[in-house]
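Everything quoted here is computed from the prediction, not taken from an experiment.
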Amino acid sequence: MNTLDYVVLFGTLLGVAIYGIWRTRGPHDLKRYLRGDGQTRWFVIGLSVMATQASAVTFLSTPGQGYQDGLGFVQNYFGSPFALILIAMVFLPIFRLLKVYTAYEFLGRRFDSKTRLLGAGLFLIQRGLSAGLTIYAPAIVLSTVFGWSLNLTIVCSGLVVIIYTVAGGSEAVTHTQKYQLGVIFAGMAAAFFILLAKLPSALSFGDALTLAGGFGRMHAVDFSLSTHQRYTFWSGMLGGFFLALSYFGTDQSQVQRYLSGASLRESRLGLMFNAVCKIPMQFFILLLGVLIFVFYQFEQPPLVFDQAASNSLAQHLPPEKLRALETNFASAHDEEQHQLQSWLAARHAGDVPGAASALAAAQSAQVRGEAVRKQAGDALAAVDPQTKASETDYVFITFILHYLPHGIIGLLVTAFFAAALSSKAAELNALGSTTTVDFYRHLVKRDADDAHYVRASKWFTALWGVVAIGFALSAHLAENLIQAQNILGSIFYGVVLGLFLVAFFVRSVGGTAVFWAAVVAQALVFVLYYTLSISYLWYNLIGCVLCVGFSLVIQALMGFAPRAPSAPVAS
């Protein structure tokens, strides 16, 4: 990075943060600090909901997922539009009618205090850990770009978002997210078009997609019924539906965003904006990764994308062994590139058998190259077990640093941090709100004035920021970042969703039955996760079904009717 990149990076980030503090200056009562001014329009709600979910993990790791496995990851989101429609029809009207600050207040009114605290507690655990990932992802970028210590980078980037989130509350989050998302979209679009321009001149866009398909990267939909297949149409429709329903409908970081709407109609339109745009956005980001894969079939990629891991390999591996790995990798890539040039010539000449033969030879060479890459990874693990490369997380940033012009590099790095700031701010705001409303005000100090609760919320927000930084410092991820974030959500979200579905739709179940049902269901989900080998998306469905089913059984065994609900339920 040069001076221009630094100006773009720090100028944009500081400008957005200062704007957020300035825009929300002045005193705040509790309602405005936790829910904003209540005048937010649908388009801003839609962008805020999207920015909260689309963290730096999305834009940093998802292109690497596309590079590695192709478009299949998009199936994760197939159930999202249907979930958002159900939330707009059922969840949202009741939340607004009750004028709750948090979703878990509804559980307290519908059931009892212990069920409210259980739902809020599960949220705090899951979202508190997830907040650590949203710091960890951009810290990888900054440490790679500047060569800084990863731990120092985590601490500094975490402190930046803590400051302006504590200062401005929910309103600061909403007002800054729309500009942060603009920076993100501009950066990703610039990367996409520059990437297209850098593909070989003889390779058309159609050729690139055909080539990607030949290497299995365009297989977007898999109708397999196997539960061991990680991404399928069915896991996306069912597991993805329950994941989205629980995330958008019960996660306070999202609920807080759309409760700020000026009216029920504005909030619903904001959710529908995401129902329409979410899958195309994820498809575009994955397609960017697929095209990077095509690009690297004509330009030799590094043996190890993670520069720190590559340096460690050079330090610990005998020079002759490292040279042998590099020579074999380069040889396999040269052969692949030669065969792809033959494939392209045969394709343009209409020589179908020749094109098929050349493509098969290129595929064979690519497999040899990947085998060498695996040998390098195994060698690294053997000589330096503390260094673990998550290759897919470094693919996009490596491409950016090596092939994009200055200025655009700064814009893309800024986009990663804008995404991290927007998502992290929403998470901290929700964690502070939930701790204040569902625990502190409910259990510790019931009769204080608004000023006291605003101060308490600021302190709790800052405390959760410190917790998230601590988790990021100790994180050791076996999965790539986007998968790790979804796995974490899938373990907890299903049970929390079960609490809400019983609350909304099952009048006969009371607080004691659903509380113990949720406790048992969550314990079983943990056991199943560590004993079964199935796609993590299924745990959303499993956790939800177990919670609802156990609540019905326990209520029947208790043999008496629950108290009448004090909150509305869906009819």
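- Of the residues Y258, F43, W42, the one that meets the side-chain contact (heavy atoms from CB on, under 4.5 Å) test with L269 is W42.
- Between Y231 and Q65 there is a side-chain heavy-atom pair separated by less than 4.5 Å.
- For the pair T62/L288, no side-chain contact is recorded, criterion being any heavy-atom separation below 4.5 Å from C-beta on.
- When every heavy atom of T115 is checked against every heavy atom of G511, the shortest pair comes out as OG1-O, 3.3 Å.
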**Asked** Given V8 and I409, is the side-chain contact (heavy atoms from CB on, under 4.5 Å) satisfied, shown in steps?
**Response** CA-CA 9 Å; V8 172; I409 292 176; over 6 Å; no

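- In this structure the side chain of F396 never reaches within 4.5 angstrom of the side chain of Y67, judged on heavy atoms.
- Y403 places none of its side-chain heavy atoms less than 4.5 Å from the side chain of I194.
- Partners of Y440 under the ring-ring contact (aromatic ring centres under 6.0 Å, His included) rule, at least two apart in sequence or in another chain, are H452, F460.
- Residues passing the ring-ring contact (aromatic ring centres under 6.0 Å, His included) test with F515: none are found, sequence neighbours excluded.
- No side-chain N or O of N151 forms a donor-acceptor pair with one of S149 less than 3.5 Å apart.
- Closest non-hydrogen pair, A88 versus R268, comes out as O-NE, 2.7 Å.
- Under the 4.5 Å side-chain criterion, counting only non-hydrogen atoms from C-beta, T250 is not in contact with F123.
- For the pair A120 and D438, the tightest heavy-atom approach, listed with the atom from each and the gap, is CB-CB, 3.9 Å.
- The aromatic rings of F500 and F106 sit parallel, their planes meeting at an angle under 30°, below the 60° perpendicular limit.
- Side-chain contact check for D306 versus S312: every heavy-atom pair is 4.5 Å or farther apart.
- Proximity of E105 to R116: side-chain heavy atoms (C-beta onward) are separated by under 4.5 Å at one or more points.
- Within a 6.0 Å radius of CZ in F526, other residues, nucleotides and ligands contribute more than 12 heavy atoms.
- Judged purely by distance below 3.5 Å, without hydrogens or angles, the side chains of S433 and Q252 never pair a donor atom with an acceptor atom.
- When all heavy atoms of S246 and Y493 are compared, the pair lying nearest together is OG-CB, 3.0 Å.
- In this structure the side chain of V276 never reaches within 4.5 angstrom of the side chain of M272, judged on heavy atoms.
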